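Okay, so here's the structure we're looking at.
Numbering of ligands and ligand atoms starts at 1, following listing order. For clarity, every value in this text was computed on a predicted model and none was experimentally measured.
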Amino acid sequence: MVAIYPGSFDPITNGHLDLIDRGSKLFHKLVVAILRNETKQPLFTVEERMEMLREVVSVYPNVEVDCFDGLLVDYASARQATVLLRGIRAISDYVEELQMALMNRRLNPAIETIFMMSGEAYSFISSRLVKEIISLGGNIAGLVPSPVEARLRDRILNSKQ
Ligand code: PNS
């Protein structure tokens, strides 16, 4: 069974990594897929995000990193995936996730969305908050993988020069 774990991953957090770790044990293959045609202005390019992801998932032989354009269900079909994996941190995530899952099912009923609850140690982490905290001089140790922390620090410091 092939599963797609889609998202922006700008940048990957320890919450994402926890889901990848657990998801890698459930599926034969897990493809972490970054959306290319993002409307939000990202901090890192898709290539930079892929590089960071590849660095931290290299320990999982059945995890692949990729990017996609267009509809997620079309990408999943093209990759012969039958599952979309998404994480839910709190009830506030559920509302939007339910809408996306039902819409994706309408677009392609052969693809099932599977939700995993965030690990309790990570349920308050988001890429948006991590970026805000580091840009305001706060401590993000333990929130993102260490290579990502270093790159975030570089990017934020350079953008302030
Ligand atoms: O990490 P995010 O930003 O919550 O991820 C959102 C993502 C990439 C999963 C979602 O925006 C998506 O699937 N976009 C692809 C376009 C698409 O298929 N839209 C219809 C979804 S119902």
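- Atoms of ligand 1 found under 4.0 Å from any heavy atom of K40 (numbered from 1 in listed order, with element): 3 (O).
- Those atoms of ligand 1 that come under 4.0 Å of a heavy atom in F68, given as number and element, are 15 (C).
- A distance of 8.0 Å separates CD1 of I4 from CD1 of I111, quoted to the nearest 0.5 Å.
- Under the 4.0 Å criterion applied to side-chain N and carboxylate O atoms, K40 and D10 are not assigned as salt-bridge partners.
- Residue A101 places every heavy atom at 4.0 Å or more from ligand 1.
- Distances from atom 15 (C) of ligand 1 to the protein include at least one heavy-atom value under 4.0 Å.
- The side chain to side chain contact (heavy atoms under 4.5 Å, CB included) check on N62 picks up S24, Y60, with sequence neighbours excluded.
- In terms of polar-atom proximity, defined here as any N/O pair under 3.5 Å, M100 makes no such contact with ligand 1.
- Looking at R86 and D93, no side-chain N of the basic residue comes within less than 4.0 Å of a carboxylate O on the acidic one, giving no salt bridge.
- Nearest-residue assignment for atom 19 (N) of ligand 1 (options L71, I34, I4, V73; heavy-atom criterion): L71.
- For the atom pair L85 CG and M116 CE, the distance stands at 6.0 Å (nearest 0.5 Å).
- Of the protein's non-hydrogen atoms, L35 CD2, 4.0 Å is the one closest to atom 11 (O) of ligand 1.
- At a 3.5 angstrom cut-off on N or O pairs, S8 counts as close to ligand 1.
- Distance check, rounded to the nearest 0.5 Å: CD1 of I34 to CZ of F9 gives 7.0 Å.
- For the side-chain contact (heavy atoms from CB on, under 4.5 Å) test with V65, the passing option among M52, M50, E51 is M50; the others fail.
- Looking at atom 22 (S) of ligand 1, its nearest protein heavy atom turns out to be N104 OD1, 3.5 Å.
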Check: What's the verdict on side-chain hydrogen bond (donor to acceptor under 3.5 Å, both in side chains) for T113 and N104, showing C-alpha distance, side-chain angles and the deciding distance?
Finding: CA-CA 8 Å; T113 302; N104 281 330; 5.0 Å; no

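- For the side-chain contact (heavy atoms from CB on, under 4.5 Å) criterion with V130, the lone passing option out of V148, L43, V144 is V144.
- In the vicinity of M103, heavy-atom distances shorter than 4.0 Å reach the ligand 1 atoms 22 (S).
- Residue-ligand proximity, G70 to ligand 1, at heavy-atom distances under 4.0 Å covers atoms 15 (C), 16 (C).
- Contacts between R36 and ligand 1, counted as non-hydrogen atom pairs separated by less than 4.0 Å, are absent for every part of the residue.
- Considering backbone and side-chain atoms together, R86 places an N or O closer than 3.5 Å to an N or O of ligand 1.
- Scanning the protein heavy atoms around atom 18 (O) of ligand 1, the nearest turns out to be L72 N, 2.8 Å.
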